[in-house]
2 protein chains.
Amino acid sequence: MVTRTDAPTRREQILQEAARLFAERGFHGVGVDEIGAAVGISGPGLYRHFAGKDAMLAELLVGISGQLMTGGKRRVAEAQHGPVALLDSLIEGHIDFALDDRDLITLHDRELDRLRDSDRKLVRQLQRQYVELWVECVRKVYPELAEPHARVAVHAVFGLLNSTPHLSRPSSLPGRAATAALLHKLARGAFAAAAAQDAPE
Amino acid sequence: MVTRTDAPTRREQILQEAARLFAERGFHGVGVDEIGAAVGISGPGLYRHFAGKDAMLAELLVGISGQLMTGGKRRVAEAQHGPVALLDSLIEGHIDFALDDRDLITLHDRELDRLRDSDRKLVRQLQRQYVELWVECVRKVYPELAEPHARVAVHAVFGLLNSTPHLSRPSSLPGRAATAALLHKLARGAFAAAAAQDAPE
DNA sequence: TGAATACGTTAATGACCGTTAACCTGCTGG
DNA sequence: CCAGCAGGTTAACGGTCATTAACGTATTCA
């Protein structure tokens, strides 16, 4: 992991606050004045940094799917201990993202339809590729699992891993590490069950 | 299941179309004129049936959580074959809902924050009770699972089961029955894995 | 019959909000 | 030293949109 020591640029501040607000109240539910206020400048000042409100959302969503996709590809490339270890690595990466960037995860599947056509296409393409990464890996681990089933299972596990934002604010959570471990087990268990032969009645 | 033979009232038509539109483009992304047009009347005509746009969303969300809660309680009351069968019954009920009322499931965790305080409180309370229903049942099936873990697992499984709206339109799905069966297996597998002792390295 | 009621209509109102215009200030490099 | 740019400001414009007003029509029923 690359840890940054330098201060975030104004642009980055804006993106972060915009992500928080969009996640809280929805894209249309937040005004540019509020986003400005959140970083200490006022409404129209944002236009020195972004072409418009849409552009902020686009940059956020493209950034998210790109990051997921990049991380996934890196893990695939670095895989040296077989498909099982790779699957664990993918799961771990996704969990880190879900736990550390709740706002982005929320936006990711909530505001996609508010994008311009071209941006939406790009994001969807990245998402699809990311899914394919997982599907391929899952099918190597569980060859008996038919492809359409594997795809549904992958989507379902994404839903499972992305469920953390729905938890009442980090209150009585078992602690970040324990939560991550639990989610990991849940995901692995789901895949394993999908692949298992139907149990006799 | 109670099957209705009589035609839906205008009110119900409106609610259904509003649900579809809200799910597609978000509460703030849909105008009252569009909702009206979807049922063949125009904008302000809706005010003969609802106090306002907010009221429609409120009725939808309260209805959803109420329905989930009622169905859950009924299943608990009817349970006669032990906790395992009850858990299966709860899972089955939730899957039916997720597959048959995609729009409502989508709204359910996307637009909650657009509600008036009192309505939001009511919905959240119903949701919490529904979760508790599940948590109790899960803990009977897996007594070794600590309560906070069970709660996280239940939320995660909801995310898993609610993932169907994210699937590209009912295209290459394995068919409704097969999808339901697969989701069921995934959910059971996830719970089982949560309860299993940590596997030795 | 005829009054009330249910269910629409179109036009107007008023608020909100994204965006642009016009203007200001301080730093920075030639 | 001053030109130019980066990064702000407030005020104004224009469109969208929920809601209300005012009005019409058919059905019901006493």
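Each chain gets a letter, A, B and so on, in the order its sequence line appears, and its residues count up from 1. Remember, it's a predicted structure, so these values are computed and weren't measured experimentally.
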Between the protein and nucleotides 12-17 of chain C, which nitrogen or oxygen pairs come in under 3.5 angstrom?
none

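The distance from atom CG of A/Asp33 to atom P of C/dG18 is 7 Å, rounded to the nearest whole Å. Atom C1' of nucleotide C/dT10 and atom CZ of B/Arg48 are separated by 13 Å, given to the nearest angstrom. In this entry the distance linking CZ of B/Arg11 with P of C/dA6 reads 14 Å, nearest Å.
In this structure the side chain of B/Glu136 never reaches within 4.5 angstrom of the side chain of B/Val76, judged on heavy atoms. Put simply, the side chain of B/Leu87 reaches to within 4.5 Å of the side chain of B/Arg188, judged on heavy atoms. Residues B/Val123 and B/Arg120 form no side-chain contact, since every pair of their non-hydrogen atoms from C-beta on lies 4.5 Å or further apart. Between A/Val62 and A/Leu122 the shortest side-chain heavy-atom distance falls below 4.5 Å.
Screening residues 71-87 of chain A for salt bridge (charged side-chain N to carboxylate O under 4.0 Å, His left out), with sequence neighbours left out, gives A/Arg74-A/Glu78.
Boundaries of the chain A contact region on DNA chain D are D/dG7 to D/dA11, first to last in 5' to 3' order (nucleotide atom under 4.0 Å from a heavy atom).
In the displayed structure, B/Gln13 atom CD is contacted under 6.0 Å by more than 12 heavy atoms of other residues, nucleotides or ligands.
Checked for salt-bridge contact, A/Glu147 and A/Arg151 meet the test: a charged N lies under 4.0 Å from a carboxylate O.
Within a heavy-atom distance below 4.0 Å of DNA chain C, no residue of residues 55-64 of chain A is found.
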Go through A/Glu24 and A/Arg20 one step at a time and tell me if the salt bridge (charged side-chain N to carboxylate O under 4.0 Å, His left out) criterion holds. CA-CA 6 Å; A/Glu24 260 175 29; A/Arg20 187 176 55 78; 3.5 Å; yes
Donor-acceptor contacts under 3.5 Å from residues 49-59 of chain B side chains, at least two apart:
residue	atom	partner	partner atom	Å
B/Lys53	NZ	B/Phe27	O	2.9
B/Lys53	NZ	B/Val30	O	2.9
B/Glu59	OE1	B/Arg11	NH2	2.5
B/Glu59	OE2	B/Arg11	NH2	2.7

For residues 90-97 of chain A, tabulate all N or O donor-acceptor pairs below 3.5 Å that involve a side-chain atom, not counting sequence neighbours.
residue	atom	partner	partner atom	Å
A/His94	ND1	A/Tyr130	OH	2.8
A/His94	NE2	A/Asn162	OD1	2.9
A/Asp96	OD1	A/Arg176	NH2	2.7

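Ranked by how close their nearest DNA chain C nucleotide is to the 5' end, A/Gly52 and B/His49 are led by B/His49.
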